[in-house]
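Reminder, nothing fancy here: chain letters follow the sequence lines and each chain counts from 1.
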There are 2 protein chains.
Amino acid sequence: MRILIIEDEPGILNFLRQGLEEESYSVDTAANGLDGLEMALAEAYDVVLLDWMLPGKSGVEVCREIRRAGIKTPIIFLTARDTVQDTVFGLQAGANDYIKKPFSFEELLERIKVQLRPHSGEQIEFRLGPIVVDIQSHQVFRDSQEIKLTQKEFGLLEFLLRNKGKVCRRTRIIESVWDIHFEYNTGVIDVYINSLRKKLGLTKEEDYIQTIRGVGYIAKEI
Amino acid sequence: MRILIIEDEPGILNFLRQGLEEESYSVDTAANGLDGLEMALAEAYDVVLLDWMLPGKSGVEVCREIRRAGIKTPIIFLTARDTVQDTVFGLQAGANDYIKKPFSFEELLERIKVQLRPHSGEQIEFRLGPIVVDIQSHQVFRDSQEIKLTQKEFGLLEFLLRNKGKVCRRTRIIESVWDIHFEYNTGVIDVYINSLRKKLGLTKEEDYIQTIRGVGYIAKEI
DNA sequence: TCTTCGATGATCAGGATTCGCATAGGATTG
DNA sequence: CAATCCTATGCGAATCCTGATCATCGAAGA
């Protein structure tokens, strides 16, 4: 499980990082709103911990923009403020929960777990034509027949489905699925797209994964 | 600025309409979800205010369908409910903000302004008559029918639209789209303009892309 | 005002180029 | 050692550009 912490005070940041890493979460951090926003947009996190007061771009702004980008990762605000007004404001900006400082680490852990719990609203199953993808159990079915995918194949398919109906640029794919953030000049994506199409049994007539020449790929209903 | 209000209670509806018209917004209204949806799909609004509870088609459904049609107009939910669950649910359906009743008119105005703020999230959608261009996802629609463009065709169209209403000189086009910074002596632009007009289905009467003889081209509403 | 003519843009066809597909095989990981 | 991941390569097709020809516009002169 990957957690992004956006917090400017180094003390709190390190405290959180250590504690969460001990709980075997994978932690990334950002010390200001702009960096944090970029990371949240570029990577797929499971939870974002977001400080209310940040230099540059405020926490609420960051939150709002993450939501505007269509990213549904649970966001928990960390804040010293403690008024009803602010709570409402934060939640309206798209946050899922709200913890006031000082908080106990136990409480934070608990709230993170609540967000990670596959609650009703969260979509954990994607469909694409006859194909059903269960993110949580990491299984893929076609006509109730299971299809075994490798890690990377699954990651690629998941990314395409999370952006279903939108064109996924190669750079975005390589960033999100392969975690490569510099110039890439490889044909890996093609290889895996090919392998996906083969395993999923997609044909020319059933091209649920279409290629956009010069740009990338798109998963969509026909 | 045009605002669409979808709300079934006449009291609230009139209250909103009056207030917003006093602020010199142009207001259209719908009293149920189905009418509202149709209007949202037919016209280009800058903001949609959407009641959560509607007779016939619920607010969430309307929201979802507006997004499904590829329309990115900001949507603000008006609702009596006030739980975290609902907030998340509404935002997942594609809404941009969420106000709980009773709300102060001041607050609503403020939130509308936030949504109208142009630089937030960068403008990624252009319209030209019946044509909608989504820069981010690299897609072009005419009457919600997708039109497949090649890399260069898309680049040219994007450039024209970023300068919509302004004449684009050939040298500027060749610089921006083809990255050629010296003297050009080719007819590529003409070829691609031709191909664009053909693919977009533009006729003599519907010349959203006009030729300025001796200078260049211009994309504009007729 | 009309005609003519040169220049500019439109259209088309074809060859050059780029890009993605498929496959094989080597590298890596566990 | 086996599954997975990545690189390399040749092939075929989509795309891009060029150049030639046809249509159109607009200005100059009758």
Peer 1: Partners of B:Y192 by ring pair (Phe, Tyr, Trp, His ring centres under 6.0 Å), sequence neighbours excluded?
Peer 2: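 Checked B:Y192 against ring pair (Phe, Tyr, Trp, His ring centres under 6.0 Å); matches are B:W178.
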Peer 1: At a heavy-atom distance below 4.0 Å, what parts of residues 209-222 of chain B sit against DNA chain C?
Peer 2: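 Heavy-atom cutoff 4.0 Å gives B:T211, B:R213, B:G214, B:Y217.
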Peer 1: Report the distance from atom CZ of A:R170 to atom C1' of C:dG20, rounded to the nearest whole Å.
Peer 2: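 So the CZ-C1' distance, A:R170 to C:dG20, works out to 7 Å.
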Peer 1: Using five base pairs at each end, measure the axis-to-axis angle across the helix from C:dT1-D:dA30 to C:dG30-D:dC1 and round it to 10 degrees.
Peer 2: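 Here the local axes at opposite ends form an angle of 50°.
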Peer 1: Using only atom types and a distance under 3.5 Å, with no angle test, would you say the side chain of A:N14 pairs donor to acceptor with the backbone of A:P10?
Peer 2: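 Yes; at least one donor-acceptor contact below 3.5 Å.
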Peer 1: Below 4.0 angstrom, which residues in residues 192-202 of chain A have at least one non-hydrogen atom near DNA chain C?
Peer 2: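 Of all residues in residues 192-202 of chain A, the ones placing a heavy atom under 4.0 Å from DNA chain C are A:N194, A:R197, A:K198.
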Peer 1: Indicate the atoms forming the closest heavy-atom contact of A:V27 with A:L20, along with that distance.
Peer 2: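 It is CG2-CB, 3.8 Å.
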Peer 1: Could you pull out the closest heavy-atom pair between A:R142 and A:I147, with the gap in Å?
Peer 2: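 Smallest interatomic distance, heavy atoms only, reads CB-CD1, 3.6 Å.
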Peer 1: State which residues pass salt bridge (charged side-chain N to carboxylate O under 4.0 Å, His left out) with A:D28; sequence neighbours excluded, sorted by chain then number.
Peer 2: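 For A:D28, the residues satisfying salt bridge (charged side-chain N to carboxylate O under 4.0 Å, His left out) (neighbours in sequence not counted) are A:R2.
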Peer 1: Within a strict 4.5 Å, meaning less than it, do heavy atoms of the A:Y217 and A:Q210 side chains meet?
Peer 2: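 No; the side chains remain at least 4.5 Å from each other.
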Peer 1: At under 4.0 Å between heavy atoms, what does A:Q151 touch on the DNA or RNA strands: base, sugar-phosphate, or nothing?
Peer 2: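 Result for A:Q151 = sugar-phosphate.
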Peer 1: May I ask you to evaluate whether B:K152 reaches the phosphate of D:dC17, defined as a side-chain N or O under 4.0 Å from OP1 or OP2?
Peer 2: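 B:K152 to D:dC17 OP1/OP2: side-chain N or O found under 4.0 Å.
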Peer 1: Keeping A:E146 on the side-chain end and A:Q139 on the backbone end, is there a donor-acceptor pair under 3.5 Å?
Peer 2: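 No: the side chain of A:E146 does not pair with the backbone of A:Q139.
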Peer 1: How long is the line joining CD1 of A:I173 and C1' of D:dC5, in whole Å?
Peer 2: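 After rounding, the gap between these two atoms is 17 Å.
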Peer 1: In whole Å, I'd like the distance from the CG atom of A:D190 to the P atom of D:dA8.
Peer 2: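 From A:D190 CG to D:dA8 P: 14 Å.
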Peer 1: Protein-nucleotides 28-30 of chain C N/O pairs closer than 3.5 Å?
Peer 2:
none

Peer 1: I'd like to know if the side chain of A:R170 and the backbone of A:I174 have a donor-acceptor N/O pair within less than 3.5 Å.
Peer 2: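 No; zero donor-acceptor contacts below 3.5 Å.
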Peer 1: Would you tell me if any nitrogen or oxygen in the side chain of A:W178 comes within less than 4.0 Å of OP1 or OP2 on D:dC6?
Peer 2: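 Result: yes.
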Peer 1: Nearest whole angstrom, please: distance from the P of D:dT9 to the CG of A:N185.
Peer 2: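 Going from A:N185 (CG) to D:dT9 (P), I get 13 Å.
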Peer 1: Any Lys/Arg nitrogen of A:R17 or A:E7 sitting under 4.0 Å from an Asp/Glu carboxylate oxygen of the other?
Peer 2: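 No, no charged N to carboxylate O under 4.0 Å.
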Peer 1: Tell me if a side-chain donor or acceptor on B:E61 pairs with a main-chain N or O of B:S58 at a distance below 3.5 Å.
Peer 2: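 Indeed, once roles are kept as given, a pair shorter than 3.5 Å links the two residues.
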Peer 1: At their closest point, which heavy atom of A:I3 faces which heavy atom of A:Y45, and how far apart are they?
Peer 2: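 Looks like C-CD2, 3.8 Å.
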Peer 1: Do A:L49 and A:F77 touch side chain to side chain, with heavy atoms closer than 4.5 Å?
Peer 2: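 With C-beta onward as the side chain, the pair stays apart.
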Peer 1: Could you check whether B:R172 pairs with B:E175 (Lys NZ or Arg NE/NH1/NH2 to Asp/Glu carboxylate O, under 4.0 Å)?
Peer 2: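 Looking at B:E175 together with B:R172, the answer is yes, because their closest N to O distance falls below 4.0 Å.
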Peer 1: Quickly work out the B:K204 NZ to D:dA23 P distance and round it to whole Å.
Peer 2: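 Interatomic distance, NZ of B:K204 to P of D:dA23: 12 Å.
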Peer 1: Under 3.5 Å, is there a donor-acceptor pair between the side chain of B:K164 and the main chain of B:R127?
Peer 2: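 Checking the backbone N and O of B:R127 against the side chain of B:K164, a donor-acceptor pair under 3.5 Å is found.
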Peer 1: May I ask you to verify if any side-chain N or O of B:T150 is less than 4.0 angstrom from the OP1 or OP2 atom of D:dT15?
Peer 2: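 B:T150 to D:dT15 OP1/OP2: no side-chain N or O under 4.0 Å.
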Peer 1: Could you state the atom-to-atom distance from CG of A:L156 to P of D:dC6 in whole Å?
Peer 2: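 My rounded result for the distance is 11 Å.
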Peer 1: Could you tell me how far apart B:I174 (CD1) and D:dC16 (P) are, to the nearest whole angstrom?
Peer 2: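 Spelled out: CD1 on B:I174 to P on D:dC16 is 13 Å.
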